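A quick note: this is a predicted structure, and the numbers were derived from the prediction, not measured.
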Amino acid sequence: GYLRGGGGWSGVCYRIMYNGTMEKFIMTCIIANIFVMALNSPVETDATLLDVLDAFEWVFSVVFTVEMLMRIVALEGLSPYLADAWNALDCIIVIGGWVNLPP
């Protein structure tokens, strides 16, 4: 098991990831990402807008990947992380996001 907020890197990551401020930040990113995805249309012709939306997609992918990796460290491994169904779903979504990123 893991010590909640214990020592070492896992404790540091745990204290960062499992607090109200980080939860609000991640939720804000999720909501903003939904708006970015909604604005990104295959019929959109404004190249500048498409470039901005693509940049946001990259930023969100990095944020969500760092979040996932920090939670894995906080929980001291991939197995404890994936034992939680929400984390497993999050992992699938993050990996799927990288597959779908614009070049």
Linking I/L/V/M/F/W/Y whenever their side-chain heavy atoms sit closer than 4.5 Å, directly or via other members, would [X] and [Y] fall into one cluster?
X	Y	result
V59	M22	yes
L39	I30	yes
I93	F25	no
L101	V52	yes

So do the side chains of [X] and [Y] get within less than 4.5 Å of each other, counting heavy atoms only?
X	Y	answer
T65	F60	no
D90	F64	no
I26	V63	yes

Practice problem: For atom OH of Y18, decide whether the heavy atoms of other residues, nucleotides or ligands shown that lie under 6.0 angstrom number more than 12. | Solution: yes
| task | Mark yes when over 12 heavy atoms from residues, nucleotides or ligands other than W98 sit less than 6.0 Å from its CH2; otherwise mark no. | result | yes
Distance-minimising heavy-atom pair for [X] and [Y]:
X	Y	result
L82	C91	CD2-CB, 4.1 Å
Y81	N87	O-CB, 3.0 Å
C13	M70	CB-O, 3.4 Å

Please report the interatomic distance [atom1]([X]) to [atom2]([Y]), rounded to the nearest 0.5 Å.
X	Y	atom1	atom2	answer
S41	D46	OG	CG	12.0 Å
S61	I95	OG	CD1	12.0 Å
N100	M37	CG	CE	9.5 Å
I92	M68	CD1	CE	11.0 Å

| salt_bridge(E23, R71) N-O dist < 4.0 Å | yes
Side-chain donor/acceptor of N19 to backbone N/O of I16, under 3.5 Å: yes
Practice prompt. Start with the C-alpha gap between E57 and N40, add the side-chain angles, then the distance that decides, and say whether side chain to side chain donor-acceptor pair (under 3.5 Å) holds.
Written response: CA-CA 10 Å; E57 284 188 49; N40 201 346; 2.8 Å; yes
